[in-house]
Amino acid sequence: MKTDPRSFILANTTLQAPPHVPEIRLYLADEAHDLWQKTEDELEEIGLPPPFWAFAWAGGQGLARYILDHPETVRGKRVLDVATGSGLVAIAAGLAGAVDVLAADIDPWSSDAVALNAAANGVGLHCTDMDVVGCAVDADVILAGDVFYDKSFADSLLPWFKRLAGQGVVVLVGDPGRSYLPKDCLEGLATYEVSVTRALEDSEVKKTTVWRFT
């Protein structure tokens with residue numbers, strides 16, 4: 001790794017509250033920041049994968065809002081947050097009383113971002129950069145915000161989520177209408193109007209739904 005992630009995150013983000021989850025503060029890139037606009041060559045030069053962890057995506061904001069508004073969903077339970085990014089949803093689960101939270105993301109920079117964000121919110125949790133998709137999990141609740149944006153990723157998640165739901169695991173996803181959301185096996189729980197980073201989305205507000213796999 002060419003750049004120290006922790007130092008880079010602290011130098012290129014500011015501690016701020018996502019619009020839809022003001023109870024939580026995260027190290028995020030500013031609206032006008034050029035972090036996301038860097039070319040692949042520039043990112044490779046500093047050893048930085050695409051910085052998904054630097055933004056509070058609509059699906060994550062909606063799911064975190066739902067968890068905070070319905071803490072009984074995770075209270076006293078073991079939680080796995082898949083593709084955690086900034087750790088927003090995992091932190092919400094910790095604040096809502098989850099007994100154990102594992103934040104998983106294959107991006108090695110995510111673990112540093114999650115650790116900083118968790119500390120900023122006084123939440124204890126665990127991180128892993130292992131690819132957990134398809135694996136057996138030691139969790140009562142699976143959370144996933146904004147994961148159905150890519151077909152190949154969606155194709156790998158779908159059978160796993162279905163299998164876990166069939167085993168009695170609660171599988172919740174937050175999604176703002178991404179292309180590969182499998183609505184035929186989902187039950188809608190809540191819908192929110194979430195303010196997002198205009199530079200990354202097609203509108204300033206995304207209608208975001210929290211779904212449960214049936």
Side-chain angles (χ1 to χ4, degrees), residues 5 9 18 20-21 24 26-29 36 43 48-67 73-74 78-94 98 100-118 123 125-165 169-182 186 194 196-197 200-201 206 208-213:
I9 292 166
H20 210 65
V21 198
I24 294 174
L26 304 172
Y27 286 95
L28 301 174
W36 191 261
L43 293 174
L48 174 65
F52 292 104
W53 48 263
F55 302 92
W57 299 85
Q61 287 196 58
L63 186 52
R65 178 76 270 152
Y66 182 84
I67 293 301
T73 305
V74 299
R78 300 163 300 165
V79 172
L80 169 62
D81 180 27
V82 179
T84 192
S86 67
L88 170 58
V89 177
I91 291 167
D100 184 77
V101 181
L102 177 61
D105 200 303
I106 60 172
D107 178 358
W109 283 64
S110 178
S111 293
D112 290 274
V114 172
L116 287 168
N117 291 330
V123 171
L125 49 74
H126 309 288
C127 299
T128 182
D129 60 6
M130 290 181 57
D131 186 356
V132 299
V133 177
C135 298
V137 299
D138 186 23
D140 307 300
V141 181
I142 304 294
L143 304 174
D146 241 320
V147 293
F148 290 106
Y149 59 88
D150 175 81
K151 187 178 187 305
S152 61
F153 192 31
D155 287 345
S156 65
L157 288 172
L158 184 55
W160 185 49
F161 283 166
K162 283 183 174 180
R163 184 171 73 252
L164 291 171
V169 178
V170 174
V171 180
L172 302 182
V173 300
D175 190 275
R178 301 302 184 199
S179 299
Y180 304 103
L181 180 71
L186 298 174
V194 179
V196 292
T197 302
L200 304 182
E201 299 283 9
K206 298 288 287 186
T208 300
T209 300
V210 175
W211 305 87
R212 176 173 176 163
F213 267 77

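Since the structure is predicted, the reported quantities are computational estimates derived from the model, not experimental observations.
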## Note on the structure
For Asp146 and Gly59 the tightest heavy-atom approach is OD2-N, 2.9 Å
### Query
Roughly how far, to the nearest 0.5 Å, is CG of Asp138 from CG of Asp100?
8.0 Å
## Note on the structure
Residues Ala104 and Leu80: closest non-hydrogen pair is CB-CD1, 4.0 Å
### Task
Answer yes or no: is there a side-chain heavy-atom contact under 4.5 Å between Asp105 and Phe52?
no
### Query
How long is the span from the CG atom in Leu158 to the CG atom in Leu181, to the nearest 0.5 Å?
10.0 Å
### Distance-minimising heavy-atom pair for Ala83 and Val147
CB-CG1, 3.9 Å
### Message
Could you check whether any side-chain heavy atom of Asp129 comes within less than 4.5 Å of a side-chain heavy atom of Cys127, counting everything from C-beta outward?
### Response
no
### Query
When you look at Trp160 and Val82, which way does the side chain to side chain contact (heavy atoms under 4.5 Å, CB included) test go after all the steps?
CA-CA 12 Å; Trp160 185 49; Val82 179; 3.9 Å; yes
### Task
Mind checking the CD1-CG spacing from Ile9 to Leu26? Nearest 0.5 Å is all I need.
11.5 Å
### Query
Quick one: does Trp57's side chain get under 4.5 Å of Thr208's, heavy atoms only?
no
### Query
Taking all atoms of both residues into account, what is the closest heavy-atom pair of His20 and Gln61, and its distance?
N-OE1, 2.9 Å
### Query
Ignoring hydrogens and geometry, is there a side-chain-to-backbone donor-acceptor pair from Arg163 to Ala136 under 3.5 Å?
no
### Query
Between CG of Asp175 and CG of Leu186, what distance do you get to the nearest 0.5 Å?
8.5 Å
### Task
Would you indicate whether the side-chain heavy atoms of Asp150 and Arg178 approach each other to under 4.5 Å?
no
### Query
Is Phe213 close to Ile142 at the side-chain level, that is, under 4.5 Å between some pair of heavy atoms?
no
### Heavy-atom pair with the smallest gap, counting every atom of Val114 and Gly85
CG2-O, 3.5 Å
### Task
Kindly give the heavy-atom pair with the smallest separation between Leu88 and Ala64, and that separation in Å.
CG-CB, 3.8 Å
### Message
Test side chain to side chain contact (heavy atoms under 4.5 Å, CB included) on Lys162 and Val171; report intermediate values, then the result.
### Response
CA-CA 9 Å; Lys162 283 183 174 180; Val171 180; over 6 Å; no
### Message
Pairing donors with acceptors under 3.5 angstrom, does anything connect the side chains of Asp107 and Ser110?
### Response
no
### Query
Once you round to the nearest 0.5 Å, how far does CG of Asp140 lie from OG1 of Thr73?
12.5 Å
### Task
Evaluate the side-chain proximity of Phe153 to Val133: yes if any heavy-atom separation is below 4.5 Å, no if none is.
yes
### Query
Less than 4.5 Å apart, any side-chain heavy atom of Pro182 and any of Phe148?
yes
### Query
CG of Asp112 to CG of Asn117: how many Å apart, nearest 0.5 Å?
10.5 Å
